[in-house]
There are 2 protein chains.
Amino acid sequence: MSEVTSRPTLEAVAARAGVSRATVSRVVNGGEGVREPLVERVRRAVEELGYVPNQAARSLVTRRHDAVAVVIAEPETRVFADPFFALQLRGIGKELTAHDSQLVLLLTEGRDDHVRVGRYLAGGHVDGALVFSLHLDDPLPGLIHGAGVPTVFGGRPGWGDGVPDVVYVDSDNRGGARDAVRHLVGLGRTRIGHITGPLDQTSAVDRFQGFRDVMVDAGPRMVVEGDFTPAGGESAMRELLDRCPDLDAVFAANDLSASGALRALRERGRRVPDDVAVVGFDDMLPVAEQTDPPLTTIRQDIEEMGRLMARLLLGGLEPRGAGREATSAPSSVVLPTTLVRRASA
Amino acid sequence: MSEVTSRPTLEAVAARAGVSRATVSRVVNGGEGVREPLVERVRRAVEELGYVPNQAARSLVTRRHDAVAVVIAEPETRVFADPFFALQLRGIGKELTAHDSQLVLLLTEGRDDHVRVGRYLAGGHVDGALVFSLHLDDPLPGLIHGAGVPTVFGGRPGWGDGVPDVVYVDSDNRGGARDAVRHLVGLGRTRIGHITGPLDQTSAVDRFQGFRDVMVDAGPRMVVEGDFTPAGGESAMRELLDRCPDLDAVFAANDLSASGALRALRERGRRVPDDVAVVGFDDMLPVAEQTDPPLTTIRQDIEEMGRLMARLLLGGLEPRGAGREATSAPSSVVLPTTLVRRASA
DNA sequence: GCGTCACTTGAGAGCGCTCTCTGGAGTCTT
DNA sequence: AAGACTCCAGAGAGCGCTCTCAAGTGACGC
């Protein structure tokens with residue numbers, strides 16, 4: 001039974017330092033209310049034994065886990081083909097680390113996974129959840145919201161616009177889109193088309209909305225639904241050119257479809273930006289910088305979004321830092337976007 | 001004190017089913033050795049109460065956590081600009097899910113994080129670790145390996161070639177590079193240059209090695225060190241052209257640098273593939289398919305790498321499925337690569 | 001018909017930790 | 001200098017679960 005070297009326990013540290021378990025616990029958790037010489041002795045014992053608290057035992061009594069679930073509900077591989085989540089995870093990771101919390105990643109695809117994730121969250125294994133779901137009809141966010149776990153959403157969830165306690169962090173998709181289109185207008189363009197994203201995603205809907213805000217009387221002829229992919233952008237662009245050969249600008253809902261649009265324009269002999277100006281969205285670097293010409297686009301601070309999500313969640317979690325103002329329920333945040341001007345418009 | 005509805009415990013289920021805690025526990029953990037009618041009664045009670053086992057309590061006694069840490073040690077943002085990790089995570093996630101394990105993501109940058117991660121792993125919060133580290137001089141893998149946690153590495157770690165119990169999963173970088181260069185040779189090219197990756201990464205070293213395997217007498221003139229970025233590829237390409245103006249092919253160590261190389265070639269008026277054929281590595285889709293011309297490259301099955309890493313780790317973990325052959329220590333796996341032919345070579 | 005044995009079930013200890021409660025010093029007040 | 005008070009440290013009760021061990025129940029063989 002004497003396995004490998006088993007981990008030292010609080011008991012062991014206490015024995016070595018010649019104090020009680022309770023005292024060691026106090027020191028390990030901040031050392032409040034323990035006199036200096038003892039603190040020192042305990043610290044040394046911890047050091048010498050290489051003591052690390054057993055999180056399981058701790059959670060058992062505190063009911064806190066210092067862990068947050070990140071749920072990425074994405075049936076499509078597409079999303080994994082862009083650095084979006086990686087950046088967001090990085091932001092989340094940084095913030096959680098700063099709060100000594102762990103990041104439990106739950107990747108889902110398909111219905112079965114919903115059940116699994118629902119169980120997991122409802123099982124109280126984590127202190128809260130950060131949920132990414134891009135589709136309007138995704139049942140997952142609702143499920144999670146119903147599970148009673150503190151949650152912050154990444155991107156505006158399609159439902160729950162009215163639901164009071166839904167908290168999310170999103171880019172200003174609508175405002176960014178307006179900026180993009182206004183930029184084209186400022187360039188003197190008047191026949192401006194729009195390649196949307198899949199309209200079952202709020203980001204695509206919001207960007208479309210922004211387009212409309214500026215182009216109030218653009219007819220439906222000037223809008224083609226794309227799917228956020230280069231191929232989709234390419235065929236959408238062809239369609240737009242067929243419908244409106246004298247089109248002089250295009251706002252594509254993301255960089256990937258913009259890159260496809262560029263290809264279609266080249267194929268049809270249109271010069272960019274001379275004949276047709278193009279603006280994308282995302283500022284997805286490996287794409288936006290590599291296209292020919294490089295893409296003018298709308299940048300969003302993705303890492304910051306992640307960081308903010310974590311901050312919101314953790315902030316809402318701790319009534320520990322009590323005495324503060326009545327920690328009002330956190331509310332959603334919409335981050336600003338900026339236009340990045342390159343050669344395409 | 002009567003908080004919200006507190007979670008039902010084993011005790012509660014036992015009471016409701018009219019059996020002992022032990023019996024409920026047995027049923028919940030598979031139901032071996034419990035008579036059918038009782039199993040049924042317990043199942044119903046679990047269902048009715050919505051009982052979910054408390055993982056913390058369970059871990060406390062079993063010393064298992066059903067959780068695996070994924071450590072991504074990457075100081076550079078570059079890596080986050082490609083879908084590499086996302087895909088690998090996906091593979092890992094799938095495999096872990098199939099084993100009812102959770103994925104705890106640890107993102108590190110800088111020395112401080114090493115300490116933190118080391119503590120965490122040594123703290124026995126997880127059953128094992130999957131570690132990605134691309135740099136030869138990274139101390140982290142050594143630390144982790146020293147921490148005594150079962151570990152599988154993603155990519156061949158730079159040290160420890162001789163260390164017997166280091167297990168890793170890698171692509172056949174060297175073989176893939178050979179294929180790439182042989183393809184160029186097969187095309188009748190003879191003056192073939194190589195843009196390497198940063199040579200402090202094993203993948204770059206191995207690819208370079210593969211290049212040399214085929215071009216045994218290529219002089220050092222034909223090799224320029226790049227850094228896996230488009231900009232690096234671009235300047236490396238210029239350098240190559242300066243040194244060897246009649247060069248007729250280039251093998252770039254990854255797609256990103258290949259895309260930079262294409263740009264330099266275009267700028268110098270070389271036609272691809274007519275004047276200079278180009279092969280990349282990675283088959284990073286948003287890049288490889290978008291370049292002009294689309295890139296011939298070496299594909300690796302990244303998701304499969306992830307899946308395999310998880311499988312190796314979990315396989316080495318469970319002596320539960322005892323009675324099997326003496327679960328020999330898992331050994332490293334090198335996955336094959338394939339040449340994807342597009343227009344650039 | 002009685003001992004033996006396989007098979008179920010329950011009782012209870014204990015995983016490592018936190019946290020309340022209590023007692024013992026020391027400090028301050030008057 | 002005595003009582004009131006503050007502060008610090010230890011004792012001990014669990015948190016919810018697993019798992020060993022003992023007890024109970026029949027089935028079976030001789």
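The chains referred to below are lettered A, B, ... by the order of the sequence lines, with proteins before strands, and numbering in each begins at 1.
- No side-chain heavy atom of A:V27 sits less than 4.5 Å from a side-chain heavy atom of A:V19.
- With distances taken from any side-chain atom of A:N54 to the nucleotides D:dC19, C:dG16, D:dC17, the minimum falls on C:dG16.
- Atom CG of A:L60 is separated from atom C1' of C:dG16 by 9 Å (rounded to the nearest Å).
- Atom-to-atom, CZ of A:R58 to P of C:dT18 comes out at 5 Å; the value is rounded to the nearest Å.
- Listed by first and then second residue, the salt bridge (charged side-chain N to carboxylate O under 4.0 Å, His left out) pairs that reach into residues 93-102 of chain A are A:K94-A:E303, A:K94-B:E109, A:E95-A:R311, sequence neighbours excluded.
- Contact annotation: A:N29 side-chain N/O to C:dT18 OP1/OP2 distance is under 4.0 Å.
- Taking atom CZ on B:R64 and atom C1' on D:dC17, their separation rounds to 14 Å, with Å as the unit.
- A donor-acceptor pair under 3.5 Å is formed between the side chain of B:T97 and the backbone N or O of B:G93.
- Phosphate proximity of C:dG16 to B:R63: present, with a side-chain N or O under 4.0 Å from OP1 or OP2.
- The shortest distance between side-chain heavy atoms of B:V131 and B:V152 does not fall below 4.5 Å.
- The side chain to side chain contact (heavy atoms under 4.5 Å, CB included) check on B:R58 picks up B:V28, B:N29, B:P53, B:Q55, B:T62, with sequence neighbours excluded.
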Would you list the protein and nucleotides 25-28 of chain D atom pairs, both N or O, that sit under 3.5 Å from each other?
none

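- Axis angle across the helix from C:dG1-D:dC30 to C:dT30-D:dA1, with five pairs used at each end and values rounded to 10°: 40°.
- What separates NE2 of B:H65 from P of C:dC15 is a distance of 15 Å, to the nearest Å.
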Task: Residues A:F132, A:F153; criterion ring-ring contact (aromatic ring centres under 6.0 Å, His included); working and verdict - done: CA-CA 6 Å; A:F132 295 92; A:F153 290 92; 9.5 Å; no
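- The distance between atom CD of B:E32 and atom C1' of D:dT18, rounded to the nearest whole Å, is 16 Å.
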Open item on the list: Could you walk me through whether B:L130 and B:V71 satisfy the side-chain contact (heavy atoms from CB on, under 4.5 Å) test, starting with their C-alpha distance in whole Å, then the side-chain angles of each, then the deciding distance to 0.1 Å, before giving a yes or no?
Closed with: CA-CA 6 Å; B:L130 299 175; B:V71 183; over 6 Å; no
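- Protein atom CD of B:E11 is 12 Å distant from nucleotide atom C1' of C:dG12, rounded to whole Å.
- Look at CD on B:Q55: it is 19 Å from P on D:dC15, rounded to the nearest Å.
- Applying the side chain to side chain donor-acceptor pair (under 3.5 Å) test to every pair with at least one member in residues 35-49 of chain A, sequence neighbours left out, gives these pairs: A:R16-A:E48.
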Open item on the list: Please encode protein proximity along nucleotides 9-14 of chain D as a string of B, S and -, counting only heavy-atom distances under 4.0 Å.
Closed with: BBBBB-
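- Two residues are said to be in side-chain contact when any heavy atoms from C-beta on lie closer than 4.5 Å; A:V68 and A:V104 fail this criterion.
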- [ ] For A:V167 and A:T151, run side-chain contact (heavy atoms from CB on, under 4.5 Å): C-alpha distance rounded to whole Å, both residues' side-chain angles, the deciding distance at 0.1 Å, then the answer.
- [x] CA-CA 7 Å; A:V167 179; A:T151 303; over 6 Å; no
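- Under a 3.5 Å cut-off, the side chain of A:R7 and the backbone N or O of B:A122 do form a donor-acceptor pair.
- To the nearest angstrom, P of D:dG16 lies 14 Å from NE2 of A:H125.
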